[in-house]
Number of protein chains: 2
Amino acid sequence: MPNSPATKAAPPRRRRKEARPAELTAAALEVFVEKGYAATRLDDVAAQAGVSKGTLYLYFDSKEALFKAVVREGIVPALTEGEALVAGFKGNSEDLLRELATGMWQLIGAQRIGGIPKLVFAEARNFPEIAAFYQQEVIQRGTALIRSVIERGIKRKEFRKVDVAAVVHLVMAPVLMRMIWRHSIDCCAAAGVDDATYFDEYFGIMLRGLRAERKAS
Amino acid sequence: MPNSPATKAAPPRRRRKEARPAELTAAALEVFVEKGYAATRLDDVAAQAGVSKGTLYLYFDSKEALFKAVVREGIVPALTEGEALVAGFKGNSEDLLRELATGMWQLIGAQRIGGIPKLVFAEARNFPEIAAFYQQEVIQRGTALIRSVIERGIKRKEFRKVDVAAVVHLVMAPVLMRMIWRHSIDCCAAAGVDDATYFDEYFGIMLRGLRAERKAS
DNA sequence: ACGGTTAATGACTGAACGGTCATTAATTTA
DNA sequence: TAAATTAATGACCGTTCAGTCATTAACCGT
């Protein structure tokens, strides 16, 4: 039994004004993804970060502000990166879609932050402020990004003519559902299908489904 | 001002032992879908059904029991119907998949009960009992149902050889995501795409993606 | 009409949680 | 080293909610 006799001796306070915000959003991400928004207790976030609840309120005005910070830090940069990829891409649109989806999966889906979309979908109704925020900062940019890829493919005659708005959602759905499964019923191994196989089949179906038919000469 | 002078006169009690359970599950469905599981207050469910909270506990042991009753009443019968469709189907597998997906959408997705999957995905982590229940009674049967259709198609050489487990999830994803959108960020009109268009494009891509390539003679 | 049965009620309990603020102590400055 | 500054604390408040139970009243048989 180390640390005797007072095992519960209060650890010394540390003043670390600079490092706190990042530590707190990291801790918050952990707990939000684990518990959801409403069910996250700020005491738990504080404990996870090794500080008291009071300290949390020193850096963030409210639970909502804390959540927004987590999203801005974890998702928005990935979107910016995706936009850059699309803007500068030279090859065919199939490859672009592949790279974009794969990149987004690696940056978001496969990370802890990949638990956030589930949370937002789940609790949007109960927290309209958060829904509006996420709509603006993530969904609008995300769908615009996919749309630009689909339209590029159609314009270059690599993809069939399809209803772009619908297809944008169809392309995103399997990726989003993969994130959702991973963070809900069967943690980390949705029905025993590994990521590689899942994405292989995803591209196999999606790209065959989008490909412009080769007109018999 | 009708009903004067005591506008707040307590409405008379009514004893309706037979009708209550169905009324209560209907009210519960409404509130669960609106608020989610944890955020649903049993007082609200009772109010929605026009009874007091005490009455609710007369018919259901707990919130959990109430929720299970809602699922058993609203989703399980649709699965049974789907199983019957597949078991007796004579045509080709493309048409079977079409009918199954369309039928499930009409029976579940387009109804209020279509809000339940979102809720389960969202809160499975926090309520393991409910996750296990839903896994057993819905997910297992649902995935088995889709799997049987995919396998049928491959066996009859109507579909390509694919990784069945992965494709089962890929086929379900767009339908599930449609339900989720509908009950979260943009209520009832996911990004301005109507159901008909969405499902047209869904089948267009999925079936093209699954179809066995016609070997050049 | 009246007494017995039981469906229905709603005030109450105990636990939980977001947010506050007076107090404490680490660090800096003089 | 002593005073000033401010980061950090945690007890506390008001509110919310699942579940309980003593009381009330609707219905039924006689």
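We name chains A, B, ... by the order of the sequence lines, and we start the count at 1 in each one.
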Could you tell me whether the phosphate oxygens of D:dA8, OP1 or OP2, come under 4.0 Å of any side-chain nitrogen or oxygen in A:Ser52?
-> no
Find the distance between NE2 (B:His183) and CZ (A:Phe121) and round it off to the nearest 0.5 Å.
-> 13.5 Å
Around atom NZ of A:Lys63, are there more than 12 heavy atoms of other residues, nucleotides or ligands at under 6.0 Å?
-> yes
Using a 4.0 Å cut-off on protein heavy atoms (strictly under), produce a 5'-to-3' string for nucleotides 11-23 of chain D with B for base contact, S for backbone-only sugar-phosphate contact, and - for none.
-> ------SBBB---
Listed by chain and number, what are the salt bridge (charged side-chain N to carboxylate O under 4.0 Å, His left out) partners of B:Glu73, not counting sequence neighbours?
-> none
Roughly, in whole Å, what's the span from CG in A:Leu58 to C1' in D:dT6?
-> 9 Å
Mind calculating the distance between CZ (A:Phe60) and C1' (D:dA8) to the nearest angstrom?
-> 16 Å
Does a side-chain N or O from A:Thr55 land closer than 4.0 Å to OP1 or OP2 of D:dT9, or not?
-> yes
Qualifying residues under salt bridge (charged side-chain N to carboxylate O under 4.0 Å, His left out), relative to B:Glu64, sequence neighbours excluded | B:Lys68
Decide if atom CZ of B:Arg112 counts as having more than 12 heavy atoms of other residues, nucleotides or ligands within a radius under 6.0 Å.
-> no
Counting just side-chain N and O atoms, does B:Tyr59 come under 4.0 Å of either OP1 or OP2 of C:dA7?
-> no
Check the angle between the aromatic planes of B:Phe199 and B:Tyr202 and answer parallel, tilted or perpendicular using the 30° and 60° thresholds.
-> perpendicular
